[in-house]
Amino acid sequence: MAAASCALSSSASAVRSATFLSGNQVAAVDRYNSSRRVHSTNKEWNSFTQVAPSSPSSPSQRNTKGWTDGNGVEDSRVVAQLRNIAFAAKDRSEMHAIIGVQRDNWNKLCHMTVNMTTIAAAMLAAMNNGVAGSTSASLGMSMAAFLLNGGAAGFMFLASKFQPSQLAEEQRTASRFFKMLARDIETTLLIDPRLRKAVHLYMDDVMDRLEALDVAFPLPLTPNGLVKFPKEVVPSVLGSTADLSETEILANNTNGWSNAMVQDLKHTAKKLKESDIEIYLGWARNKERDNKRLAMLAPVLAGSAALLSLLGCCQPGIHLAALASACSIAAVFGSSFSNGGQIGMIFELYRNCAGYYEQMVQDIQSTIRVPVCQREDGELYHQKIALKLGRRDNMPLFSSEEKTAGKLF
C-alpha cells in the first residue's frame with residue numbers, strides 16, 4: 001500500500017513537471033490521487049475483516065427438538081412458560097422453607113414443655129411420698145402432680161400423632177426438591193437447544209415433577225397431611241412414573257447415545273432398585289417401628305403417673321406417689337428418645353433418600369423408551385446421572401464388585 005502511494009505521488013509530480021498544469025488542475029489531480037489511496041486502503045481493510053456468510057444449516061443442525069423455529073430463533077413463548085414454572089417452584093421452595101422453620105420451632109417448644117412439666121410432676125410426686133398422713137400439703141402436691149402429668153400426657157399424645165421433627169424434615173426436603181426443579185429449568189434454558197430433550201417431553205416432565213412434589217409434601221397438617229405411621233413404607237414419589245408397557249428403543253449412535261450407554265444406564269437402574277432403594281427402605285421400616293413403640297410408650301407412662309398421683313392422695317400408705325414419680329421419669333426418657341432424638345425425622349430422611357433413587361430409576365426407564373432424536377444429549381444425560389449418584393462420569397458408572405450404585409449418601 002505504501003509502494004502504491006509512492007508511485008501515485010511520483011506520477012503526479014511527473015505529470016505536473018511534464019505538462020506544466022495550472023494550479024487548479026494540479027489540485028484536482030492531487031484530490032483524485034488521494035481518493036484512490038483511501039479507496040484502496042478501505043478495500044484492503046474490508047477484505048481483512050469481512051466474515052464469509054454462513055452457509056445454510058444442514059437438516060441435522062436445524063433439528064432443535066421444537067425449541068426454535070426454522071431460522072434458529074428460540075420460541076419465546078416456550079421460554080416464558082418454563083420461566084413461569086421455575087418461578088412457581090421457587091415460590092413453593094421459599095414457602096416450605098418458612099414453614100419448616102416454624103415446625104422446627106414447634107418441635108423444640110413441645111419437647112422443652114413436655115420435659116419440664118414431667119420433671120416438675122416427678123419432683124412433686126417424690127416429695128409427696130415423704131409427707132406423712134393425708135395432710136393438706138400432701139393433697140395439694142398430689143393434685144399438682146396429677147395435673148402436670150395429665151398435661152404432659154396430652155402434649156406427648158399430640159407430639160406422637162403429628163411428629164413435629166418429621167414435619168420439619170418434610171418441609172426442608174420439599175424446599176430442596178422445589179429449588180432443584182427451578183435450577184434444572186434455568187440450566188436447561190442456558191444450554192444449546194440441540195442438546196436438550198424435546199420441548200413437549202420436557203414441559204410434561206417439569207409439570208409432572210411440580211405436581212408430584214405438591215402431593216408428596218403437603219402444607220396442611222390435617223386432613224391431607226402425610227401419614228406418620230404408614231402400614232407400608234414406600235419411597236416418596238417425586239416425579240412421573242415410567243410406562244413400562246412401552247418398548248425400549250435401541251440407540252443408533254446419534255444424539256450422543258450408544259447401545260453401551262443404554263446398557264450401563266439399565267444396569268444402574270437395576271442396581272438402584274435391588275440395592276440402594278431396598279437398603280433405605282429397610283432402615284426406614286426399622287425407624288418407623290421404633291418410633292411407633294416410643295410414641296405409644298411415653299403418653300402411657302405419663303398418663304399412668306397422673307393416675308397414680310391422683311390415687312396417692314387417697315391411699316397415702318401404699319407409696320403410690322413413688323411409683324408416680326418413677327413413671328414420670330420414664331416418660332421423660334421415652335419422650336426424649338422419640339422427639340428429642342428426632343426418630344420421625346430420621347424415618348422421613350430415609351424414605352426420601354429411597355424416593356430420590358426411585359425417581360432416578362423411573363427417569364432412566366422412561367428415557368430409554370423415548371425416540372433417540374427426542375432425548376436429551378446422551379453424554380450430558382449420562383454425566384447428570386453420574387453426578388446425582390456422587391460418581392465420576394465413567395463407563396461403566398460402577399464396577400460389578402460394588403454393592404451399591406449411589407455414593408452421595
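Bear in mind that the values here come from a model prediction, so they are computed numbers and not experimental data. Both backbone and side-chain heavy atoms feed into the values below; hydrogens, waters and symmetry mates do not.
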Short side-chain to backbone donor-acceptor contact, [X] and [Y], under 3.5 Å:
X	Y	result
Arg103	Gln171	no
Ser336	Val332	yes
Asp276	Gly406	yes
Arg375	Thr367	yes
Ser335	Ala331	no
Glu402	Ser399	yes
Asp243	Ser245	yes
Asn286	Gly282	yes
Ser93	Ala89	no
Thr117	Thr113	yes

Sub-4.5 Å side-chain heavy-atom contact between [X] and [Y]:
X	Y	value
Met156	Thr118	yes
Trp67	Leu189	yes
Pro235	Leu281	yes

No-hydrogen, no-angle side-chain donor-acceptor test under 3.5 Å, [X] and [Y]:
X	Y	result
Asn253	Ser258	no
Asn291	Gln163	yes
Glu379	Gln383	no
Gln362	Ser366	no
Ser165	Asn107	no

Within the supplied structure, the quantity of interest is the number of heavy atoms (other residues, nucleotides, ligands) at a distance under 6.0 Å from [X] [atom1]; does it exceed 12?
X	atom1	value
Met296	CE	no
Arg392	CZ	no
Met395	CE	yes
Met123	CE	no

Could you point out which residue of [options] forms a side chain to side chain contact (heavy atoms under 4.5 Å, CB included) with [X]?
X	options	value
His111	Val114, Asn115, Leu109	Asn115
Lys287	Val233, Ile343, Leu349	Ile343
Met360	Leu265, Thr268, Leu238, Ile385	Ile385

Between [atom1] on residue [X] and [atom2] on residue [Y], distance to nearest 0.5 Å:
X	Y	atom1	atom2	answer
Thr173	Asn352	OG1	CG	4.5 Å
Thr68	Arg196	OG1	CZ	9.0 Å
Ile85	Met207	CD1	CE	5.5 Å
Ser338	Leu294	OG	CG	5.5 Å
Arg83	Gln81	CZ	CD	12.5 Å
Asn255	Lys197	CG	NZ	12.0 Å

Pairing of [X] and [Y] as salt bridge, 4.0 angstrom limit:
X	Y	answer
Lys273	Glu358	yes
Glu348	Lys228	no
Lys90	Glu94	no
Glu248	Lys266	yes
Asp192	Arg194	yes
Glu376	Lys384	yes
Glu278	Lys271	no
Glu186	Arg183	no
Arg351	Glu170	no

Between [X] and [Y], what is the shortest heavy-atom contact and its length?
X	Y	answer
Ala295	Phe229	CB-CZ, 3.9 Å
Ser309	Asn149	OG-ND2, 3.6 Å
Ala269	Val361	O-CG2, 3.7 Å
Gly225	Pro218	CA-CG, 4.1 Å
Ala159	Pro164	O-CD, 3.5 Å
Ala122	Ser325	O-OG, 3.1 Å

Side chain to side chain contact (heavy atoms under 4.5 Å, CB included) evaluation trace for Ile185 with Tyr202
CA-CA 9 Å; Ile185 295 174; Tyr202 186 73; 3.7 Å; yes
Assess whether side chain to side chain contact (heavy atoms under 4.5 Å, CB included) is satisfied between Ile249 and Arg369, documenting all intermediate values.
CA-CA 5 Å; Ile249 300 178; Arg369 288 169 170 79; 5.7 Å; no
Where do Ser275 and Thr404 land on the side-chain hydrogen bond (donor to acceptor under 3.5 Å, both in side chains) test, with the steps shown first?
CA-CA 6 Å; Ser275 179; Thr404 58; 5.5 Å; no
Kindly determine whether Met203 and Val78 satisfy side chain to side chain contact (heavy atoms under 4.5 Å, CB included), including the steps that lead there.
CA-CA 9 Å; Met203 188 74 72; Val78 171; 4.1 Å; yes
Dump the intermediate steps for side chain to side chain contact (heavy atoms under 4.5 Å, CB included) on Phe217 and Phe177, then the final yes or no.
CA-CA 10 Å; Phe217 303 103; Phe177 281 123; 4.1 Å; yes
Residue pair Asp214, Arg92: steps toward the salt bridge (Lys or Arg N to Asp or Glu O under 4.0 Å) verdict
CA-CA 9 Å; Asp214 284 334; Arg92 283 169 169 80; 2.9 Å; yes
Taking the inter-plane angle between the rings of Tyr357 and Tyr280 on a 0 to 90° scale, is it parallel (under 30°), tilted (30 to 60°) or perpendicular (over 60°)?
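Tilted: the ring planes of Tyr357 and Tyr280 meet at 30° to 60°.
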Between Trp257 and Tyr381, ring centroids under 6.0 Å
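Between Tyr381 and Trp257, which both carry aromatic rings, the centre distance is below 6.0 Å.
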Strictly under 6.0 Å, is that where the ring centroids of Phe178 and His96 end up?
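Centroid distance Phe178-His96: below 6.0 Å, so yes.
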